[in-house]
Amino acid sequence: MESNTSTLVVPTPSTEVSSFDFKSLNNVPKQFVWSSKDLIKGSSEKLNTPLIDLKAIKGDEIAMANAAKLVREACMKHGFFEVTKHGVDHDLIIAAHREYDSIFKLPLEKKLSAKNKHNRWGYSSAHAERYSSSLPWKETFTFLYHYIHESDSEIVDLFKSFLGDEFEQAGLVNQRYCEAMKEVSMNILELLGISLGADHSYFQRFFEDGEAIMRCNHYPSCKNPNLTLGVGPHCDPTSLTILHQEQVSGLEVYVDGKWLPVPPRHDIPDALIINIGDTFKALTNGVYKSVLHRVVVNEKVNRKSLTFFLNPRADKTVIPPKNLFENEEQRDYLDFTWTQLYEFTQKRHRADPDTLSSFVLWLGTQEPPPSN
Ligand SMILES: C=C1C[C@]23C[C@H]1CC[C@H]2[C@]1(C)CCC[C@@](C)(C(=O)O)[C@H]1[C@@H]3C(=O)O
Ligand SMILES: O=C(O)CCC(=O)C(=O)O
Ligand SMILES: [Fe+2]
């Protein structure tokens with residue numbers, strides 16, 4: 001997949017390099033150099049994100065209402081807030097990072113073999129199998145987690161098939177981590193429903209049969225960090241992102257013309273960062289923002305983040321709760337499904353600042369599906 005045009009993209013030409021061994025790189029190859037516009041220096045001012053204590057608001061109507069007010073304010077401005085006392089065990093978070101440390105330490109050849117034939121799940125080195133310029137300075141491990149799943153060993157089986165039986169424990173830890181993320185997401189969806197004046201359970205019901213893209217991002221330290229980015233400027237096309245970052249800065253959000261860091265909370269290392277994505281923006285009929293963010297890298301230390309990208313069931317139509325629009329004329333977006341938007345980002349348009357607007361334009365040119 002190459003540039004962001006609405007023409008069907010062709011796979012990266014075989015002459016291009018399709019992987020990089022970061023620990024052997026003593027400079028920044030040209031494929032990783034981003035435009036000066038994308039590399040504008042971040043501000044020393046930090047993003048002001050409300051921190052919500054999910055345990056304190058559970059079952060307490062007044063505390064829930066106050067938290068909903070803080071969340072509404074943040075989501076109407078930049079779409080980012082943080083949660084603590086979320087119920088995800090500290091040892092599970094530590095174990096997840098430890099398992100990924102062992103995966104990313106593997107020889108590159110072994111890591112590259114850990115992917116399925118569609119190139120979508122498993123390991124990726126800088127997405128070099130998909131793009132040949134503006135490559136992100138990161139390697140990733142990604143898989144799909146179904147909220148409703150027949151087998152409890154789905155994730156374990158994936159890790160064993162991709163990496164071998166010795167990674168059964170990594171699969172178990174990730175299975176438990178995704179189950180914990182699902183619980184957290186249900187509590188956050190209730191809070192978001194209340195913050196939007198919708199039925200408390202609207203979003204919980206909308207996502208109860210959803211799916212999540214679980215990804216660990218590993219951003220190696222970089223000899224010349226001012227030339228490249230761990231992740232380029234983008235809005236998440238997904239619905240809700242639940243992110244745990246190590247105690248290393250890197251995430252920045254674009255607000256009021258400035259790149260504002262969202263640094264790790266050294267006093268609350270288990271804090272989870274929540275951000276609204278494009279699909280949830282459409283689910284709120286544009287009331288909440290899906291905001292541009294990026295990741296900068298540094299010369300000294302590696303950084304990892306665990307990102308859990310929640311999506312509705314792939315074929316479910318994205319429709320806001322009734323209280324957010326009075327008639328069809330007040331709808332900001334055409335009906336669409338997550339499958340349509342996801343495929344758009346994978347086959348036609350590399351997720352960037354303009355994904356949703358480009359998608360809506362493209363959708364308008366497509367034949368409506370036959371009404372069954
Ligand atoms: C649906 C998705 C596509 C990406 C992973 C999830 C949500 C975030 C998207 C992404 C991280 C946005 C920046 C560009 C991207 C290509 C990346 O750097 O990984 C995007 C992901 C992807 O297409 O794999
Ligand atoms: O690693 C981070 O802090 C953010 C990553 C991100 O924005 C993404 O993967 O979409
Ligand atoms: Fe993101």
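Indexing begins at 1, ligand by ligand and atom by atom, following the structure's order.
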Practice item. Sort by chain and number the protein N/O/S atoms that are closer than 2.8 Å to the Fe ion (ligand 3), and list them. Key: H234 NE2, D236 OD1, H293 NE2
Review point. Who gets closest to atom 7 (O) of ligand 2 by heavy atom: R303, K138, H293?
Key: H293
Check your understanding: Are V296 and W137 co-members of a hydrophobic cluster defined by side-chain heavy atoms under 4.5 Å apart?
Key -> no
Point to revise | atom 12 (C) of ligand 1: the protein heavy-atom neighbour that sits closest, reported with distance to 0.1 Å | key: H234 CD2, 3.4 Å
**Study point:** Distance, nearest 0.5 Å, that separates CG of L108 from CZ of F22
**Key:** 9.5 Å
Exercise for review: Could you tell me which atoms of ligand 2, counted from 1 in the order shown, lie closer than 4.0 angstrom to a heavy atom of V295?
Suggested key: 1 (O), 2 (C), 3 (O), 4 (C), 5 (C)
Point to revise | Heavy-atom proximity to atom 6 (C) of ligand 1, best of F344, F309, Y131 | key: F309
Practice item. Say whether, by atom type as modelled, one donor and one acceptor occur between the side chain of D352 and the main chain of T355 under 3.5 angstrom. Key: yes
Check your understanding: Any N/O of R215 closer than 3.5 Å to an N/O of ligand 1?
Key -> yes
Check your understanding: At what distance is the nearest protein heavy atom to atom 5 (C) of ligand 2, and which residue and atom is it?
Key -> Y219 OH, 3.4 Å
Revision key, fill the gap. Shortest non-hydrogen pair, L135 vs T228, comes out as O-OG1, 3.9 Å
Study note, to complete from the structure: The protein heavy atom nearest to atom 3 (C) of ligand 1 is Q346 NE2, 3.8 Å
Exercise for review: For a ring pair (Phe, Tyr, Trp, His ring centres under 6.0 Å) with F359, tell me which candidate from Y342, Y333, F336 qualifies.
Suggested key: F336
Review point. For the side chain of H97 and the backbone of Q245, is there at least one donor-acceptor N/O pair under 3.5 Å apart?
Key: no
Check your understanding: R294: heavy atom below 4.0 Å from ligand 2, yes or no?
Key -> no
Study note, to complete from the structure: Numbered in order shown, the ligand 1 atoms found under 4.0 Å of a heavy atom of A351 are 12 (C), 13 (C), 14 (C)
Check your understanding: Does the N or O separation between T345 and ligand 1 drop below 3.5 Å for any pair?
Key -> no
Point to revise | Pair S305, N217: side-chain N/O donor-acceptor within cut-off below 3.5 Å | key: yes
Review point. Measuring from the heavy atoms of Q245, does anything fall under 4.0 Å of ligand 2?
Key: no
Study note, to complete from the structure: In ligand 1, the atoms that come under 4.0 Å of a heavy atom of Y342 are 1 (C)
Exercise for review: Output yes when the distance from some N or O of ligand 1 to some N or O of H127 is under 3.5 Å, and no in every other case.
Suggested key: yes
Practice item. Under 4.0 Å from a heavy atom of R130: give me the atoms of ligand 1 that qualify, with their elements. Key: 22 (C), 23 (O), 24 (O)
**Study point:** R72 versus S195, side-chain donor and acceptor atoms under 3.5 Å
**Key:** no
**Study point:** L243 neighbourhood, listing ligand 2 atoms whose heavy-atom distance to it stays under 4.0 Å
**Key:** 2 (C), 3 (O), 4 (C)
**Study point:** Proximal atoms of ligand 1 relative to V231 (non-hydrogen, under 4.0 Å)
**Key:** 13 (C), 18 (O)
Exercise for review: Return yes or no for this condition: an N or O of T307 is under 3.5 Å from an N or O of ligand 2.
Suggested key: no
Point to revise | Option passing ring pair (Phe, Tyr, Trp, His ring centres under 6.0 Å) with F159 (candidates Y177, Y123, F141, F167) | key: F141
Check your understanding: Shortest non-hydrogen contact from V318 to A282?
Key -> CG1-CB, 4.1 Å
Practice item. Return yes if a side-chain donor-acceptor contact under 3.5 Å exists between D315 and T337, otherwise no. Key: no
Review point. How about E208 and Q204: does a side-chain donor come under 3.5 Å of a side-chain acceptor?
Key: no
Point to revise | F143 and F162 aromatic centres sub-6.0 Å | key: no
Practice item. For the residue pair D236 and H293, confirm or rule out a side-chain donor-acceptor distance under 3.5 Å. Key: yes
Check your understanding: What part of T241, side chain, backbone, both or neither, has a heavy atom within less than 4.0 angstrom of ligand 2?
Key -> neither
**Study point:** Side-chain H-bond candidate by donor/acceptor type, D38 with S35, under 3.5 Å
**Key:** yes
Review point. Near K138, which atoms of ligand 1 are under 4.0 Å from a heavy atom of that residue?
Key: 17 (C), 18 (O), 19 (O)
**Study point:** Residue pair N298 / Y219, side-chain donor-acceptor N/O under 3.5 Å
**Key:** no
Exercise for review: For F309, counting its heavy atoms only, list the atoms of ligand 2 lying under 4.0 Å from any of them.
Suggested key: 8 (C), 9 (O), 10 (O)
**Study point:** Closest to atom 10 (O) of ligand 2 among R215, K304, H234, E246 (heavy-atom distance)
**Key:** H234
Revision key, fill the gap. For W338, the atoms of ligand 1 under 4.0 Å from one of its heavy atoms are 1 (C)
Revision key, fill the gap. Ligand 2 to D236, heavy atom cutoff 4.0 Å, flagged ligand atoms 10 (O)
Review point. Does a donor on one side chain sit under 3.5 Å from an acceptor on the other, for R265 and T49?
Key: yes
Study note, to complete from the structure: Interatomic distance, CZ@F81 vs CD1@I273, rounded to 0.5 Å, equals 11.5 Å
Point to revise | For atom 9 (C) of ligand 1, the protein heavy atom that lies nearest, with its residue and separation | key: P237 CD, 4.0 Å
